[in-house]
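Shown next, in structure tokens, is the structure this report addresses.
First the proteins, then the strands, lettered A, B, ... as listed; each starts at 1. This structure is a prediction, so every number in the text was calculated from the model and none was measured.
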Number of protein chains: 2
Amino acid sequence: MSQKAVGVDLDKSLGYLLKEASSALRVAMEEVLRPLGMSVTHYACLELLAQRPGLSNSELARGAFVTRQSMNVLLQTLEREGQVTRPAEAPVGKALPARLTPHGRRSLEKATVAVRSVEDRMLAGMTEAEQSGAFRILESMIHSLRKGDDGA
Amino acid sequence: MSQKAVGVDLDKSLGYLLKEASSALRVAMEEVLRPLGMSVTHYACLELLAQRPGLSNSELARGAFVTRQSMNVLLQTLEREGQVTRPAEAPVGKALPARLTPHGRRSLEKATVAVRSVEDRMLAGMTEAEQSGAFRILESMIHSLRKGDDGA
DNA sequence: TGACTCATGTCAGGATTCTGACATACATTG
DNA sequence: CAATGTATGTCAGAATCCTGACATGAGTCA
């Protein structure tokens, strides 16, 4: 590590920087989640369910930025492990509302502490103003990027 | 699409927002790169080589945020397609410096136009000051996140 | 010089995710 | 009511990426 390692400064476009930041966040989260036997998508699913009980598989998939097929295999695993429950019959339509079990809630609690520490570290050295600025800027990027997607 | 779709606003932590923005950027890039038969990693590799000729496989992997194994299979494909060349013998050590062929450079040119349009769209509606603010903030996040990683 | 450490390229195996496809359920529209 | 469009859950196959491992080359230090 004493040699220049990457040296890839590029001219650092904002797109590249965004990818770099996202990658760094993912790595950091995997690091603290691994001792808990949990992946990032795994955590995201639980967190989503805690904040929005009754979300369907497809909604969870969109919220975790994976396909509904991937989320489905994860949900099946979580059901088998007793962290999540889904009714056998859909109350309306085909969507099966998923909910956390007490066991799932306990798993999430430990994970939340770990993830919170990562986020705190990420925000370290940023003022309140900078944080709200980052908030607005990221939302602006998302909005602008999606504008052209559904227009196709 | 007329119904509320996801509804997952969460309380939108900055971490979630970062992941969301990165996902949106990836989707948008895949969309414009697909007609050119190119993936995001594929493009990243070419762009890296254009800006830093002679980068090794491992350096390219770090720059594109994938493992060196993944980058290696990509490089083998690109070599077979004649977009990239690597010497048979390492001039020093084991690192094989990769370079773009004229063919690879032409592929990159078309891709760059496409990617640039995505980035321009992403930056639309942001002032110069906001862009440089985003720059500083993202770099701050990356720096803070990496601080604890190598300390393990 | 010899032992140690680090980085690299590469091979093999496994895990994860995605693409494609199908049947079902509801809303909309004629 | 019937037809269409949209959304959902799920199955199967393929593609992608990663983890683990090994041998080689270079630098460091006793």
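As a whole-Å value, the separation of B/R34 CZ from D/dT16 P is 13 Å. What separates CG of B/L75 from P of D/dC17 is a distance of 13 Å, to the nearest Å. Regarding B/N57, its CG atom lies at a distance of 9 Å from the C1' atom of C/dT10, rounded to whole Å. Per the geometry, CG belonging to B/L55 stands 15 Å off C1' belonging to C/dG9, to the nearest Å. In this structure, the CZ atom of B/R68 is 16 Å from the P atom of D/dT24, given to the nearest Å. Distance CE (A/M71) to C1' (C/dT16): 13 Å, rounded to an integer number of Å. The interatomic distance linking A/E30 (CD) with D/dT19 (C1') rounds to 12 Å, in whole Å.
Looking only at distances, a side-chain donor or acceptor of B/E59 sits under 3.5 Å from a matching main-chain atom of B/S56.
Checking each of A/E81, A/Q83, A/H42 against A/S107 for a side-chain hydrogen bond (donor to acceptor under 3.5 Å, both in side chains) leaves exactly one that passes, namely A/Q83.
By the side chain to side chain contact (heavy atoms under 4.5 Å, CB included) test, A/R116 is found to be paired with A/T112, A/D120, residues two or more places apart in sequence or in another chain being considered. For A/E20, the salt bridge (Lys or Arg N to Asp or Glu O under 4.0 Å) partners at least two apart in sequence or on another chain are A/K12, B/R146. Scored by the ring-ring contact (aromatic ring centres under 6.0 Å, His included) test, B/Y43 finds no partners at all (sequence neighbours excluded). B/R86 is linked by a side chain to side chain contact (heavy atoms under 4.5 Å, CB included) to B/N57, B/N72, B/L75, B/Q76, B/E79, B/L96, B/A98, counting only residues two or more places apart in sequence or in another chain. Judged as a side chain to side chain contact (heavy atoms under 4.5 Å, CB included), and not counting sequence neighbours, the contacts of B/T101 are B/T85, B/H103. With sequence neighbours left out, B/T41 forms a side chain to side chain contact (heavy atoms under 4.5 Å, CB included) with B/S39, B/A64, B/V66, B/M71, B/L74.
A heavy atom lying under 4.0 Å from DNA chain C marks the following residues of residues 86-96 of chain B, by number: B/R86, B/K94, B/A95, B/L96.
For the pair B/S144/A/L123, no side-chain contact is recorded, criterion being any heavy-atom separation below 4.5 Å from C-beta on.
Comparing atom distances between the A/S58 side chain and each of D/dG9, C/dT8, C/dT17 picks out D/dG9 as nearest.
In this structure, A/S39 reaches neither bases nor backbone, as no heavy-atom distance under 4.0 Å exists between it and the strands shown.
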Go ahead and write out DNA chain D as dot-bracket, 5' to 3': ( ) for pairs within the strand, [ ] for ones crossing earlier pairs, | when the partner sits on another strand, dots for unpaired; Watson-Crick or G-U wobble, both distances under 3.5 Å. ||||||||||||||||||||||||||||||
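Side-chain nitrogen and oxygen atoms of A/T67 include none within less than 4.0 Å of the OP1 or OP2 phosphate oxygen of C/dT17. Listed pair A/R26 / D/dC17 fails the phosphate criterion, with no side-chain N or O lying under 4.0 Å from OP1 or OP2.
Nearest-nucleotide positions on DNA chain C place B/P97 closer to the 5' end than the other of A/V73 and B/P97.
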N/O contacts under 3.5 Å, protein versus nucleotides 11-13 of chain D?
none

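The salt bridge (Lys or Arg N to Asp or Glu O under 4.0 Å) analysis of residues 97-109 of chain B, with sequence neighbours excluded, yields no pairs. Listed by first then second residue, pairs satisfying ring-ring contact (aromatic ring centres under 6.0 Å, His included) with a partner in residues 62-82 of chain B read A/Y16-B/F65, not counting sequence neighbours. Sorted by first and then second residue, the salt bridge (Lys or Arg N to Asp or Glu O under 4.0 Å) pairs involving residues 126-144 of chain B (not counting sequence neighbours) are A/E130-B/R136, A/R136-B/E130.
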